[in-house]
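Nothing here was measured: the structure is a model prediction, and the numbers come from that model. One-based numbering, in listed order, for ligands and for the atoms of each.
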Amino acid sequence: MGEDKGYALATGESGAYRLQILNAIHQPYTEFLMQRVGLKEGMRVADIGCGTGNVSFMMASIVGQSGSVSGVDMSEAQLDIARSQVAVLNLKNVEFTCGSAYDTKLPKEFFDIVYCRFLLMHLHHPVNALVEMRSLLKPGGLLVCEEADFSTAFCEPSFSAHDRCYEMLIALALERGSNFCMGTILYQHFQDAGFSTREMSFVQPVAIRPESKRLVDLSMKEALSAVIEAGLATPEEMKQTITQLKVLASDETTIFGIARVTQIWARK
Ligand SMILES: C[S@@+](CC[C@H](N)C(=O)[O-])C[C@H]1O[C@@H](n2cnc3c(N)ncnc32)[C@H](O)[C@@H]1O
């Protein structure tokens, strides 16, 4: 089996601001999804590829002291930030461990809900990660995933720098053996991981305010070295694209359609 080429974006302090913007955009939809699938007090939850822990904290507030959240990420830099928040918030029901989505080392058949957001799109073998996540669920437990489809992002009115940015990110993922256009394919991936019955929906947030629209130039900036190394753009083109995207973000007459998110869940 081919190896993952690793996470192409920034981790730790340099990526935390982008993840904060990302979370501000997606949190309302994630919260609604968690209500819809029945996350409640007392549940045991795992958040795989938890990053700096934004969703883990939201879920911890719902499951309360009688429940627990176990976050796993392969980046210690992301987890350092997550753990510093645990200390600040004095949370007793969340813990974070460093590990791979393919082999989390979490207890098997233990969790009521296993969740991941914007993780599978970075992986070379998403089905293998789903099989691992399935193994963590108690019989009857729910696997819940949210992944993005970059081919659906848009700018209105349209601007070439915006479209070029997504074109480069999609090509970068392909070059690395991952998939930034994870839409309907997730339905098949869930079946391949052993789930026969699945529920699915799409959400597409729209960014209007400049601070939300910064998500796009910050993502491009984080991918800069990987895009250049892959020969997908010159440093000059990257510099120009990032500058144009920044100007576009502050232009109050444009709106950004953030990449549509596939929400999918299934019971073991
Ligand atoms: C885009 S971030 C999403 C973070 C978080 N789920 C959220 O929505 O805010 C993707 C995260 O997946 C982690 N990651 C990537 N590949 C991984 C792997 N094979 N195993 C565990 N974590 C991984 C990265 O370190 C990063 O923190």
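Of all the heavy atoms of Leu9, none lies under 4.0 Å from any atom of ligand 1, so neither backbone nor side chain is involved. The backbone of Cys50, and not its side chain, has at least one atom closer than 4.0 Å to an atom of ligand 1 (non-hydrogen atoms only; backbone = N, CA, C, O). Proximity of Met74 to ligand 1, defined as any heavy-atom pair under 4.0 Å, is shared by backbone and side chain alike.
Contact between Leu119 and ligand 1 is present, with at least one heavy atom of the residue lying under 4.0 Å from the ligand. Within the structure, the closest approach of Cys116 to ligand 1 does not fall below 4.0 Å when heavy atoms are considered.
Considering backbone and side-chain N/O atoms, Ile48 never comes within less than 3.5 Å of an N/O atom of ligand 1. For ligand 1, none of its N or O atoms has an N or O atom of Thr11 under 3.5 Å away. For ligand 1, the polar-atom distance check finds an N/O of Asp73 within less than 3.5 Å of one of the ligand's N/O atoms.
With ligand atoms numbered from 1 in the order given, ligand 1 contributes 25 (O) to contacts under 4.0 Å with heavy atoms of Ser75. Close approach of ligand 1 to Gly51 is summarised as follows: ligand atoms under 4.0 Å from at least one heavy atom of the residue are 4 (C), 27 (O).
For the atom pair CZ of Phe202 and OH of Tyr29, the computed distance is 15.5 Å after rounding to the nearest 0.5 Å.
Side-chain contact between Glu211 and Ile21 is absent, with no heavy atoms from C-beta onward closer than 4.5 Å. By the 4.5 Å heavy-atom criterion applied to side chains, Tyr102 and Glu132 are not counted as neighbours.
Judged by a 6.0 Å distance limit and a 45° cone about the ring axis, Arg267 is not positioned over the six-membered ring of Phe195. At least one test fails for Arg83 against the ring of Phe96: distance under 6.0 Å to the centre or angle within 45° of the axis.
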Which is it for Ser135 and Glu109 under the side chain to side chain donor-acceptor pair (under 3.5 Å) test, yes or no, and what are the steps along the way? CA-CA 6 Å; Ser135 74; Glu109 307 225 319; over 6 Å; no

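The distance between the ring centers of Phe154 and His162 does not fall below 6.0 angstrom.
No chain of hydrophobic side-chain contacts below 4.5 Å, direct or via other Ile, Leu, Val, Met, Phe, Trp or Tyr residues, connects Val69 to Phe118.
At the top of the distance list for atom 3 (C) of ligand 1, counting protein heavy atoms only, stands Arg117 O, 3.6 Å. Ranking protein heavy atoms by distance to atom 1 (C) of ligand 1, first place goes to Tyr7 OH, 3.2 Å.
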